[in-house]
> 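Just dropping this structure here.
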Amino acid sequence: MTRLFNFCAGPAALPEAVLKKAQYEMLDWQGRGLSVMEMSHRSDDYVAIAVQAEKDLRELLNIPDNYKVLFMQGGASSQFAMVPLNLLGKGGIPNYIETGVWAGKAIKEASRYAEGLHIAGSSKDRNYTCTPSQSELQMSDNAAYLHFTSNETIGGLAFDYLPQVDVPLVCDMSSDILSKPLDVTQYGVIYAGAQKNIGPAGLTLVIIRDDLLDQAMAVTPSMMNYRICADNDSMYNTPPTYAWYLAGLVFDWLKNDVGGLEKMAEINTRKAEKLYQAIDSSDFYGNPIAVANRSQMNVPFTLADTALEKVFLAESEKAGLLNLAGHRSVGGMRASIYNAVPEAAIDALISFMSDFEKRHG
Ligand SMILES: *Cc1c(COP(=O)(O)O)cnc(C)c1O
């Protein structure tokens with residue numbers, strides 16, 4: 001068995017220690033004679049797994065008691081609809097910051113539920129190579145919330161400041177949650193699909209302040225209603241039990257193996273700085289994003305000679321560096337270097353890049 005270095009944007013690499021633990025517990029979870037996959041979600045054993053996962057997450061992110069944690073389904077893309085459905089029942093104008101593909105999708109979906117959606121800031125005119133600055137943000141009258149995407153997974157663009165407004169902040173944190181410490185009290189709603197930094201696909205995390213649970217539009221489907229989800233401890237129907245269990249193993253890994261989010265952030269910063277340094281120190285490679293807004297999770301890069309891209313991808317794969325192709329909508333290369341991608345993977349990539357440049361530059 002050989003595990004290679006996986007730079008996939010999502011579903012992404014998982015910590016090897018987590019996969020080993022899952023493998024060890026696969027057939028017989030803690031002497032009960034069955035797999036977690038085969039357990040009733042109402043059983044004492046499974047509820048204990050679910051409760052422990054939430055407890056560890058709350059500890060990692062320092063989530064205050066007046067916030068609920070919801071374990072939902074449907075991916076971050078379903079949240080694009082759930083946010084307006086759940087927050088606009090009392091009226092108001094949804095405000096959005098436009099920073100790239102994912103913010104764009106959130107805006108498009110929310111427009112279906114809200115008349116007069118307002119773009120409070122956009123960097124479209126700069127080809128999404130930076131975020132709009134705080135001073136550029138212009139909120140509408142009667143704003144209900146401000147939505148932004150903390151890390152644009154495809155563009156490799158991240159906010160370097162927290163928007164300051166007097167309405168609840170709603171954040172799509174799918175690709176950078178748990179990569180560094182977070183002040184949850186600054187947000188109304190945080191959501192994230194699991195398959196980048198949390199666990200396997202199929203699970204979606206929502207962290208929501210209590211007072212926002214009761215503003216859903218009457219048409220909101222029960223399965224999409226935050227209040228119903230909260231009142232049923234995320235078990236209104238059968239939750240994605242195995243994905244939830246695996247997320248729990250990842251939280252435990254972050255807490256006990258890594259040593260918490262301060263430590264994780266230190267490692268992530270080191271990983272990203274190395275890779276950007278390698279890109280910047282050569283004319284052969286390039287990255288168009290403003291330095292202050294460069295993502296520490298997704299690092300897109302181009303070759304000066306685009307004709308070499310196919311060769312780069314073929315050779316890197318042969319060298320055991322998987323999934324370095326950029327998103328199908330933009331091309332080029334992209335290295336996603338989430339929490340579970342070890343520093344050794346970045347070292348191997350940098351050394352491959354330097355060697356490739358020597359041979360083809
Ligand atoms: C991956 C991603 C999404 C989409 O997630 P799904 O779970 O596939 O719906 C949305 N937003 C961001 C920032 C992402 O990285």
Side-chain angles (χ1 to χ4, degrees), residues 6-14 70-86 94 96-112 122-124 128 131-132 145-160 162-163 169-180 182 187 189-207 221 223-224 229 234 239-240 242-244 246-247 250 268 272 289 293-300 323 325-330 334-341:
N6 181 12
F7 297 93
C8 191
L14 284 162
L70 310 178
F71 292 83
M72 302 190 86
Q73 308 184 46
S77 302
S78 295
Q79 295 303 320
F80 297 164
M82 282 190 226
V83 164
L85 281 166
N86 279 278
Y96 280 72
I97 304 181
E98 188 183 38
T99 45
V101 172
W102 289 117
K105 287 200 166 181
I107 289 165
K108 189 164 174 227
E109 187 68 12
S111 309
R112 295 159 50 83
S122 172
S123 54
K124 192 174 183 180
Y128 303 125
T131 62
Y145 60 83
L146 176 66
H147 178 285
F148 73 109
T149 310
S150 51
N151 184 77
E152 284 281 0
T153 319
I154 294 171
L157 174 72
F159 275 82
D160 62 335
L162 190 65
L169 273 183
V170 177
C171 184
D172 176 358
M173 223 176 264
S174 292
S175 49
D176 65 344
I177 192 167
L178 294 170
S179 67
K180 56 187 181 213
L182 176 68
Y187 298 81
V189 180
I190 293 165
Y191 65 86
Q195 68 273 21
K196 279 76 184 241
N197 243 352
I198 297 170
L203 176 72
T204 313
L205 210 62
V206 177
I207 302 169
M223 276 295 293
M224 299 187 125
C229 186
S234 302
Y242 197 73
W244 189 336
L246 258 177
V250 171
N268 284 331
I289 304 299
N293 292 131
R294 283 174 163 183
S295 166
Q296 292 204 344
M297 295 284 105
N298 311 98
V299 182
N323 294 310
H327 190 267
R328 54 193 151 78
S329 64
V330 292
R334 173 177 50 168
S336 292
I337 52 173
Y338 301 116
N339 289 350
V341 177

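We count ligands from 1, going down the list as the structure has it; atoms in each ligand are counted the same way.
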> Any donor-acceptor pair under 3.5 Å linking the side chain of Ser295 with the backbone of Ala158?
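Here the side-chain-to-backbone pair does not exist.
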
> Just by modelled atom types, is the Leu178 backbone N or O under 3.5 Å from a matching donor or acceptor in the Asn339 side chain?
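Yes, Asn339 side chain to Leu178 backbone: donor-acceptor pair under 3.5 Å.
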
> Any chance the side chains of Asn268 and Ser179 put a donor and an acceptor closer than 3.5 Å?
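Result is no, nothing qualifies.
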
> A side-chain contact here means heavy atoms from C-beta on lying under 4.5 Å apart; do Tyr187 and Val170 qualify?
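They are not in contact (no side-chain heavy atoms under 4.5 Å apart), so the answer is no.
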
> For a side chain to side chain donor-acceptor pair (under 3.5 Å) with Ser175, tell me which candidate from Thr149, Thr153, Asn197 qualifies.
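With Ser175 as partner, Thr149, Thr153, Asn197 yield a single side chain to side chain donor-acceptor pair (under 3.5 Å), made by Thr153.
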
> Check each protein residue for a heavy atom under 4.0 Å from ligand 1 and list those that pass, ordered by chain and number.
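Residues Gly75, Ala76, Ser77, Phe80, Trp102, Thr149, Asn151, Thr153, Asp172, Ser174, Ser175, Gln195, Lys196 each place a heavy atom under 4.0 Å from ligand 1, listed by chain and number.
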
> Under a 3.5 Å distance rule, please check whether Asn86 uses its side chain to pair with a backbone N or O of Met224 as donor and acceptor.
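Here the side-chain-to-backbone pair exists.
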
